[in-house]
Participant: 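Below is the structure I would like to discuss, written out as structure tokens.
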Number of protein chains: 2
Amino acid sequence: MARPPRYDETQLLDAAVRLAAAAGPTAVTMTAVAKEVGAPSGSVYHRFPQRPALLAELWLRTVERFQAGWLAALAAPGDPVAAAAAAARHVVAWSRLNPREAAVLLYGPDDYGRADWPAGAAERAARGTAQVRAALAGLTGRLGGADPEAVTLALVDLPLAVVRRHLRAGAPLPPGAERLAGLAATRLLAPGADTGA
Amino acid sequence: MARPPRYDETQLLDAAVRLAAAAGPTAVTMTAVAKEVGAPSGSVYHRFPQRPALLAELWLRTVERFQAGWLAALAAPGDPVAAAAAAARHVVAWSRLNPREAAVLLYGPDDYGRADWPAGAAERAARGTAQVRAALAGLTGRLGGADPEAVTLALVDLPLAVVRRHLRAGAPLPPGAERLAGLAATRLLAPGADTGA
DNA sequence: CATGTAATCGAGAGTACTCTCCAGAATATT
DNA sequence: AATATTCTGGAGAGTACTCTCGATTACATG
């Protein structure tokens, strides 16, 4: 018994992703989102009571979509080094398929105003990072005493580094990017040489 | 024959670095810089006619300080892999010594409003990146046909990745960070396995 | 068709920032 | 001491954005 929505949450968040990818988190103003979808600003406030709520949802939706595939890639049984390489390659492959969402992730939650997020959002973010931490710890164990710093680097930060400059420039990823990320992860975690302590 | 300056450029830029490191480029407003040094806003405009001029100088001064040491580390004669590792380690060591300036570099020039920079600034930035590109090309040659993508990754993006999450969190770098960056660069560029093409 | 409900629409108040302008203050030189 | 010169200090106009609020619209149900 109600008027049907004309601008739904998904539509507004998609617009926010475009804005953030093009010009960074600060470009995601309520006014800009409204203009992007052709709505008056009041309609945006109907979905998201304040700007921090929109930014939180923008960040969380994106990061959760990303993590789902990453965790799946990492969960592959068998050789842990191969699983690590698969996860590293996944980061690049996902970025290639979703360049705008990947560009969102090049910034950190603080850049999306985490300090002002509504109550539930902080916990949702914590759950996500806890999952990632657990997965990293699990792999560290399977690798038999590797440096946790090296593991985090190989599986998360390094593949993002492969992708970063291209995404920032709005350029397509080079053909060998997945392979480079996988190779770097493999070499970094391969047994036989100590990875520090 | 003039009144002595009370707020000089260096002082204002140092304040800008603190603000940018603490809360990102957008926190560097003219008002905030003025408040940080205890001056009225007019005094800031006396040194920098517009905000983009201040942001440009903030970026360029920081990046040039960084590049000087990096280029020196890379220029070491002898084994190119060792030179690469030295450059990678340098990135981490410099970040450890200058965490606030390093935090500035975690963002890109676009985040500092490059599109609005005054005339000379764009050229200064271009000169810097040209030097870096030349150095990277030189090392690629000395390595004998390595993948340029891999070289850039090993010497620049990867060490920044080692350092990024800690700097963003405002946390000190872990003790083994230099070693990890050097190790990763060495393994990535070591001869004997193909690095893609 | 009448009614209830959720959504839209847009004007406008409040706030923060950029930038202008100019009177006055502090020095070096003559 | 007078003068020229550079800088400070602060008020205020213009602009962009956040958020509020009430009137209005469109649909589902009985």
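Note that the structure is predicted; figures quoted are calculated from it, not measured.
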Participant: May I have the distance from B/Lys35 (atom NZ) to C/dC17 (atom P), rounded to whole angstrom?
Facilitator: 7 Å
Participant: Between A/Phe48 (CZ) and C/dT8 (P), how many Å, whole number?
Facilitator: 12 Å
Participant: With a 4.0 Å cut-off on heavy atoms, is B/Pro40 in touch with a base, just the backbone sugar-phosphate, or nothing at all?
Facilitator: base
Participant: Please give, in whole Å, the distance from C/dC17 C1' to B/Arg51 CZ?
Facilitator: 9 Å
Participant: Closest-nucleotide mapping onto DNA chain C: is B/Tyr45 or A/Asp8 further toward the 5' terminus? I mean the 5' end.
Facilitator: A/Asp8
Participant: Compare the minimum distances between each of D/dC19, C/dT18, D/dC17 and the side chain of A/Thr29, then state the nucleotide with the smallest one.
Facilitator: D/dC17
Participant: So if I take every side-chain heavy atom of B/His46 and compare against D/dC7, C/dA7, C/dC19, which nucleotide ends up nearest?
Facilitator: D/dC7
Participant: Consider the side chain of A/Ser43, meaning its heavy atoms from C-beta on, and name the nucleotide among C/dC19, C/dA11, C/dC9 that approaches it most closely.
Facilitator: C/dC9
Participant: In whole angstrom, give the distance that lies between atom CE of B/Met30 and atom P of D/dT15.
Facilitator: 19 Å
Participant: If you only use heavy atoms from C-beta on, which nucleotide in C/dA7, C/dT18, D/dC19 is closest to the side chain of A/Gln50?
Facilitator: D/dC19
Participant: Reckon B/Pro5 touches a base, only the sugar-phosphate, or nothing at all at heavy-atom distances under 4.0 Å?
Facilitator: sugar-phosphate
Participant: Please pick, from D/dT8, D/dC17, D/dA26, the nucleotide with the shortest atom-to-atom distance to any side-chain atom of B/Tyr7.
Facilitator: D/dT8
Participant: Looking at B/Arg168 and A/Asp111, is there a salt bridge between them, counting it only when a charged N and a carboxylate O are closer than 4.0 Å?
Facilitator: yes
Participant: Over how many whole Å does the gap from B/Arg47 atom CZ to D/dT6 atom P extend?
Facilitator: 12 Å
Participant: I want to check one thing: is the phosphate of C/dT18, taken as OP1 and OP2, less than 4.0 Å away from some side-chain N or O of B/Thr31?
Facilitator: yes
Participant: Inspect the contact between A/Asp147 and B/Arg179 and indicate whether a charged nitrogen and a carboxylate oxygen are less than 4.0 angstrom apart.
Facilitator: no
Participant: Between A/Gln11 (CD) and C/dA7 (P), how many Å, whole number?
Facilitator: 14 Å
Participant: Starting at CG of B/Asp116 and ending at P of C/dC19, how long is that distance when rounded to a whole Å?
Facilitator: 9 Å
Participant: Has the side chain of A/Arg47 got a donor or acceptor atom that lies under 3.5 Å from a matching backbone atom of A/Tyr7?
Facilitator: yes
Participant: Flag the pair B/Glu57 and B/Arg124 as a salt bridge only when some basic side-chain nitrogen lies within less than 4.0 angstrom of an acidic carboxylate oxygen.
Facilitator: yes
Participant: If the threshold is 4.0 Å, N to carboxylate O, is there a salt bridge linking B/Asp157 and A/Arg164?
Facilitator: no
Participant: Can you identify which nucleotide, out of D/dT8, C/dC19, D/dC19, has its nearest atom closest to the A/Pro52 side chain?
Facilitator: D/dC19
Participant: Quick one: is B/Arg6 getting a side-chain N or O under 4.0 Å of the C/dA25 phosphate, OP1 or OP2?
Facilitator: no
